[in-house]
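These numbers come from a predicted model, not from an experiment.
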Amino acid sequence: MTQEYQLETILAHAGINSDEATGALASPIHFSTTYQHPEFGHSTGFDYTRTKNPTRATVEKHLQLLKKQIMLLLQVQG
């Protein structure tokens with residue numbers, strides 16, 4: 001059973017989770033355009049900022065909860 005949260009609860013918790021790299025409790029804004037990988041052929045999940053980055057992934061996750069959708073994808077213009 002999935003628990004339904006009120007809008008206020010979702011907004012209060014948006015972006016608050018421990019960052020594995022820094023330990024920060026609030027999600028950092030990532031400005032990097034490219035990402036280093038452990039070795040050739042092994043991606044970290046983030047390759048180029050216009051296709052996916054940690055900041056956008058966090059925003060997508062929380063908009064998905066707000067909109068009560070199965071999946072949500074942000075599109076970059078520019």
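The shortest side-chain heavy-atom distance between Thr34 and Phe46 does not fall under the 4.5 Å cut-off.
Taken to the nearest 0.5 Å, the CG atom of Asn53 stands 8.5 Å off from the CD atom of Glu60.
Closest non-hydrogen pair, His42 versus His37, comes out as O-CB, 3.1 Å.
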